[in-house]
Amino acid sequence: MSAGNLRTPPPLAGGALRVIPLGGLGDIGRNMAVLEYDGQLLIIDCGVLFPEDSHPGVDLILPSFDVIADRMDDIQAVVLTHGHEDHIGAVPYLLRQRPDIPLVGSKLTLALLQEKIREHRIRGTVTRRVEDSERVTFGHFDLEFLAVNHSIPDAFAVAVRTKAGLVLHTGDFKMDQLPLDGRITDLRGFARLGEEGVDLFMVDSTNAEVPGFTTPERDITPALDRVFATSKQRLIVACFASHVHRVQQVLDAAVAHGRKVVYVGRSMVRNMGVARDLGYLHVPGDTLIELRDIDKYRPHEVAIISTGSQGEPLSALSRMANREHQVIQLAAGDTVVLASSMIPGNESSIYRVINGLTKLGANVVHKGNAMVHVSGHASAGELLYAYNIVKPRNVMPVHGEARHLVANADLAVATGVPRKRAIIAEDGTVIDLQQGSAKIVGKVDCSYVFVDGASVGDVTETLLTDRRILGEEGFISIITVINTHSSKIVSGPDIHARGFGEDDSVFDAVRPQLIEALEQAMAEGVNDAHRLQQVIRRRIGRWVNDKHRRRPMIIPVVIQT
């Protein structure tokens, strides 16, 4: 069952549970779902989406809170499945509207979130730390937390019980049977809930197209060891700033090969400090050094753990690739390891960094040429296993692009879930669970909310279009002074441009055409500044299109005297 063209949803029927995904369906990021029962709301995750090249000037993309803006007091809690940015990054922006919403999560998740809340200077927050297998109640929602393993410690699946039925949300998960921290996914708990009867199973879809089982994390260790053994100069490993397990593996390899370690990137320094303080990261004494001391050691004596594995323009690794880093200057023969997967949409940025590093003579090791990363998400074999032990009445794939959601729904159907009960939803789709049956009943607006510096929500799609035009097609301004009484041009047109070379004389050929068009318009009685600006825009627009095959932003200014 899929979304399609939908109407505004009807009022929620008595005894029914409503589920509204506000992000994470169609994108890898911005994960957020709102559950409603008997006038109360529960939020599962509240994350950000990182911008692509098509979002110039945008720092972050948030879910839209419009659908719950006038119901902040109805929110019983925000449940956080784990500490990745795409699941917790938007929480501070939600707390701006109501700071005392209870925040529920594991020790590490809440610790990482508290750092973000502190940066946003939000006071009066309320947190509730939960442990594996713990049950807590918020309003009408009875919550049970099940351990799952992922690419960050302390991740949870959450079971939500109401009188309308039982919902099981996996969060991001996989079934690594030999996890580095020994904390396996609670399959016994999944099976027990299946025996109780799961009415709606919300399942991570990221790897639904990948056959078999996800490779265990520990299989990376030999590949990392080979990289350390063969690297004779400086060694940089880039990974997510929250991937504690990967950082632990790099630390262990560095110690084994006699290298000191330095963290580079503000989020890496912050998160690894939190993980170490809480006991999730074990750093042998005398291993870490400060970035300012790196030149005290020879290149082969140091390993750098850096942010920037997704090619983020302002990240430490991107600055190294562009020779813009204040401290670290790469040399031919250095080794750079990208110990992460490519998030869909980031491919061009990542390859741009790889090419930049390669031009500098660095040896770039990545998932495509070495086993230096494994996914944190369940592949098709694990998803089939989950469906078979849970045996849900209804399924709703989450966390993935459209192709991932469809592939996940197909897996559910293959295990016996009726096709009409495998719901393929989009962000904003409204699903009601009533008497054991889940149905799509409507849709609400859940458009992107852009963060641009200190501005939240002020950037519109129209403004982004203007920015894209400026960046890709160029900019032309034309200033003309006219005397409205004599209908004569007093000054100009003066033409200035960007994106057409440094010499504005390229526009000398069109200037007489603009004068002719303006004089003709004024002779016909046109003396309104706005209409004369349109005359200029049309004439120069046609000329630029004919001569340069470009559609720049054109800003005509007519000053009347």
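Since this is a predicted model, take the numbers as computed values, not measurements.
Put simply, the side chain of Ile20 does not reach to within 4.5 Å of the side chain of Leu35, judged on heavy atoms. For the pair Met268 and Val247, the minimum side-chain heavy-atom distance is below 4.5 Å. By the 4.5 Å heavy-atom criterion applied to side chains, Val160 and His169 are not counted as neighbours. Counting only heavy atoms from C-beta outward, the side chains of Val34 and Leu42 never approach each other to under 4.5 Å. Taking the side chain as every heavy atom from C-beta outward, His245 and Pro179 never approach each other to under 4.5 Å. Between Val79 and Asp45 the shortest side-chain heavy-atom distance does not fall below 4.5 Å. A 4.5 Å side-chain heavy-atom check between Phe213 and Ser379 finds every atom pair outside the cut-off. Considering only heavy atoms from C-beta on, Asn322 stays 4.5 Å or farther from Val353 through its side chain.
Ring planes of His87 and His399: parallel class, angle under 30° (limits at 30 and 60°). The aromatic rings of Phe228 and His257 sit parallel, their planes meeting at an angle under 30°, below the 60° perpendicular limit.
Side chain of His404 to backbone of Ser205: no donor-acceptor contact under 3.5 angstrom is found. Distance alone, capped at 3.5 Å, places no donor-acceptor pair between the Glu115 side chain and the Leu112 backbone. For Asp154 (side chain) and Leu108 (main-chain N/O), a donor-acceptor pair under 3.5 Å exists by modelled atom type. At distances below 3.5 Å, at least one donor-acceptor pair connects side-chain atoms of Gln248 with backbone N or O atoms of His282. Within the 3.5 Å criterion, the main-chain N or O of Val274 finds no donor-acceptor partner in the side chain of Asp277. Between the side chain of Thr429 and the main chain of Glu426, a donor-acceptor pair closer than 3.5 Å is present. A donor-acceptor pair under 3.5 Å links the side-chain atoms of Arg98 to the main chain of Ile75, judged by distance alone. In this structure, the side chain of Asn271 engages the main chain of Ala241 through a donor-acceptor pair within 3.5 Å. Not one N or O on the side chain of Arg319 forms a donor-acceptor pair closer than 3.5 Å with the backbone of His325. Of the possible donor and acceptor atoms, one in the side chain of Asn207 sits under 3.5 Å from a partner among the backbone N and O of His377.
Ionic pairing of Asp204 and Lys174 is not present here: no N-O contact between side-chain nitrogen and carboxylate oxygen is shorter than 4.0 angstrom. Salt-bridge annotation for Arg266 and Glu119: present, with a side-chain N of the basic residue lying under 4.0 Å from a carboxylate O of the acidic one. Of the charged side-chain nitrogens involved, none lies within less than 4.0 Å of a carboxylate oxygen, so that Glu131 and Lys107 do not count as a salt-bridged pair. Looking at Glu209 and Arg403, a side-chain N of the basic residue comes within less than 4.0 Å of a carboxylate O on the acidic one, giving a salt bridge.
Across all their heavy atoms, Met272 and Val244 have their closest contact at CE-CG2, 4.1 Å. Between Lys116 and Pro92 the shortest heavy-atom distance is CB-CG, 4.2 Å. Contact detail for Leu95 and Thr125: the closest heavy-atom pair is CD1-CG2, 3.8 Å. Scanning all heavy atoms of the two residues, the minimum distance from Ala316 to Val264 falls at CB-CG1, 3.4 Å. Contact record, Ser64 with Arg30: N-NH1, 4.2 Å, taken as the closest heavy-atom pair. In terms of heavy-atom proximity, Gly47 sits nearest to Ala90 at O-CB, 3.4 Å.
Counted by atom type alone, Arg246 and His373 present one or more donor-acceptor pairs between their side chains at under 3.5 Å. In this model, a donor atom of one side chain and an acceptor atom of the other lie less than 3.5 Å apart for Asp27 and Tyr448. Between Glu382 and Thr214, the side chains place a donor N or O and an acceptor N or O closer than 3.5 Å (distance only, hydrogens not considered).
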| task | Could you walk me through whether His82 and Ile152 pass the side chain to side chain contact (heavy atoms under 4.5 Å, CB included) test, one step at a time? | result | CA-CA 7 Å; His82 63 281; Ile152 187 172; 3.8 Å; yes
| request: Output, in order, the C-alpha distance, side-chain angles, deciding distance and verdict of side chain to side chain contact (heavy atoms under 4.5 Å, CB included) for Val374 and Ile220. | output: CA-CA 7 Å; Val374 298; Ile220 297 171; 3.8 Å; yes
| said: Would Thr335 and Gln233 count as a side chain to side chain contact (heavy atoms under 4.5 Å, CB included) here? Give the steps. | reply: CA-CA 7 Å; Thr335 299; Gln233 294 182 192; over 6 Å; no
| request: Output, in order, the C-alpha distance, side-chain angles, deciding distance and verdict of side chain to side chain contact (heavy atoms under 4.5 Å, CB included) for Val203 and Leu383. | output: CA-CA 8 Å; Val203 189; Leu383 295 175; 3.7 Å; yes
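Rounding to the nearest 0.5 Å places CZ of Arg298 at 13.5 Å from CZ of Arg234. The CD1 atom of Ile101 sits 13.5 Å away from atom OG1 of Thr127, with the distance rounded to the nearest 0.5 Å. To the nearest 0.5 Å, atom CD of residue Glu85 and atom OG of residue Ser242 are 7.5 Å apart. Atom-to-atom distance recorded for Ile354:CD1 and Ser349:OG is 11.0 Å, nearest 0.5 angstrom. Going from atom CD of Glu217 over to atom CG of Asp181 covers 9.5 Å, rounded to the nearest 0.5 Å. Remark: Thr307 OG1 to Ile305 CD1 distance equals 11.5 Å, nearest 0.5 Å.
Geometric assessment of Arg183 against the ring of Phe156 yields a positive cation-pi assignment under the 6.0 Å and 45° thresholds.
The side chain to side chain contact (heavy atoms under 4.5 Å, CB included) test with Val364 is passed by exactly one of Asn355, Ile236, Thr358, Asp334: Thr358.
For CD of Gln326, the number of neighbouring non-hydrogen atoms (other residues, nucleotides, ligands) closer than 6.0 Å is 12 at most.
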